[in-house]
Protein chains: 2
Amino acid sequence: MNSPRWLDADEQRAWRAYLRMQGRLTARLNRQLQADSGLSLADYDVLVHLTDREEGRLRPYELQRDLQWEQSRLSHHLTRMQHRGLVTREECADDGRGAYVVITEEGRRAIAAAAPGHVETVRRLFFDGLTREQVTALERLAADVLDRLD
Amino acid sequence: MNSPRWLDADEQRAWRAYLRMQGRLTARLNRQLQADSGLSLADYDVLVHLTDREEGRLRPYELQRDLQWEQSRLSHHLTRMQHRGLVTREECADDGRGAYVVITEEGRRAIAAAAPGHVETVRRLFFDGLTREQVTALERLAADVLDRLD
DNA sequence: GCCATGTAGATGATGTGTCATCTACTGGTG
DNA sequence: CACCAGTAGATGACACATCATCTACATGGC
């Protein structure tokens, strides 16, 4: 690790701007969602993935794969969401080790109530300031970076 | 909040890709830094800002302004860093309410040891996969979004 | 059938972020 | 000087993330 390739001026500016945007944006989105609906971004993501399947049920390992969360984080988070009545756990007949996570009626109501305001906020804070070209360039950039992360 | 402007297909893909990249990248950077140097990204940022001033001392409110952190988060974080010997607090003569945060020798050693590996990781995971045009486009995009966040 | 190895998931300890609230000092206005 | 709004910072309670570890079941080789 001798004499690393430091970032040049362009990279440095870009990196700092990215970090700053990322932090501020996440904070704002989290705050809006929390204040308006009592859900965190994490709750929101879990509920979105559950409602994506009609039955509203998933194996935790599927959720983990989709969300790319640590297994332990997911388990703890589901426990908290269960205590708040947003999801329940059910046994899995096929696999004795496994379980199902199932969205509750209350969970469905919560996500339905939260979604419009959240999407509106994403649009207002993020997409409204960008051109169509910037949006497609961002998708490309994120895909390029993700390729190298795996 | 009736009938929000939902995201179209392009926006949806871009947003999901961005969120995914962001989450994975942050996790990787944090893990590398933590494993190789025992510092978190947050520690790193604090120490970088302290070493930016020659005296290695700042008022907490300055740090807060630069880092754009919640005041309470900063205060808690400084307390933890103090317990680990990375910084100390000193009284502020000019302002009876105030204080100084000062980097310790140990803090200087820690950041000096951590920086090369961290920069190398940022380069490897992020910049090495991008063209110069993508980098400048990102800086522009982040600046545009930040403009609308304030 | 028995064992080794792998996989699904939960859990406790610990560090971190947020919110609400508190104390103490400052600085301007009457 | 007395008052009061504002500012600097700390703190306790609680939600969240990570790490190491644990249990239980699955599966393939012998």
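First the proteins, then the strands, lettered A, B, ... as listed; each starts at 1. Computed from heavy atoms alone, side chains included, the values below leave out hydrogens, waters and symmetry copies.
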Please figure out whether A/Gln34 or B/Arg84 has its closest DNA chain C nucleotide nearer the 5' end.
B/Arg84
B/Met81 CE - C/dG17 C1' separation (whole Å):
16 Å
C/dG15 C1' sits how many Å from B/Leu86 CG, rounded?
14 Å
When the distance from CG of B/Leu39 to P of C/dT16 is rounded to whole Å, what number comes out?
10 Å
Reading nucleotides 1-8 of chain D 5' to 3', which nucleotides get B (base under 4.0 Å from a protein heavy atom), which S (sugar-phosphate only), which -?
-----BBS
Most 5' of A/Gly96 and A/Ser40 on DNA chain D, judged by nearest nucleotide:
A/Ser40
Please confirm whether the backbone N or O of B/Leu29 pairs with a side-chain atom of B/Thr121, one donor and one acceptor, at under 3.5 Å?
no
Side chains of A/Gln32 and A/Leu125: closer than 4.5 Å at any heavy-atom pair?
no
For the helix from C/dG1-D/dC30 to C/dG30-D/dC1, what is the angle between the axes at its two ends, each from 5 pairs, rounded to 10°?
0°
Are side-chain heavy atoms of A/Asp128 and B/Arg5 found at a separation under 4.5 Å?
yes
Can you measure B/Asp94 atom CG to C/dC25 atom P for me and round it to whole angstrom units?
15 Å
Heavy atoms of A/His77 and A/Ala42 approach each other most closely as CE1-CB, 3.5 Å
Can you tell me if the side-chain N/O atoms of A/Arg80 get under 4.0 Å from OP1 or OP2 in D/dC14?
no
Contact check, side chains of B/Thr51 and B/Arg108, non-hydrogen atoms, under 4.5 Å:
yes
Those residues at least two apart in sequence (or on a different chain) that pass salt bridge (charged side-chain N to carboxylate O under 4.0 Å, His left out) with A/Arg73 are none
In whole angstrom, what separates A/Glu91's CD from D/dC25's P?
10 Å
Sidechain-backbone polar pair: B/Arg24 side chain, A/Leu146 backbone, donor-acceptor under 3.5 Å:
no
Which pairs, with at least one residue in residues 16-46 of chain A and sequence neighbours excluded, count as a ring-ring contact (aromatic ring centres under 6.0 Å, His included)?
A/Trp15-A/Tyr18, A/Tyr18-B/Phe126, A/Tyr44-A/His118
Over how many whole Å does the gap from B/Leu41 atom CG to C/dG15 atom P extend?
18 Å
Rounded to whole angstrom units, what separation is found between the CZ atom of B/Arg31 and the P atom of D/dA20?
11 Å
Supply the members, apart from B/Tyr100, of the Ile/Leu/Val/Met/Phe/Trp/Tyr cluster built from side-chain contacts under 4.5 Å; use none for a lone residue.
B/Val102
Side-chain contact test, heavy atoms from C-beta onward, threshold under 4.5 Å: evaluate it for B/Asp10 versus A/Glu139 and give yes or no.
no
Taking C-beta and beyond as the side chain, do B/Met81 and B/Val101 meet within less than 4.5 Å on heavy atoms?
no
Can you list, in residue-number order, the parts of residues 63-77 of chain B that come under 4.0 Å of DNA chain C, counting heavy atoms only?
B/Glu70, B/Ser72, B/Arg73, B/His76, B/His77
How close or far is atom P of C/dT7 from atom CD of A/Glu62, stated in whole angstroms?
16 Å
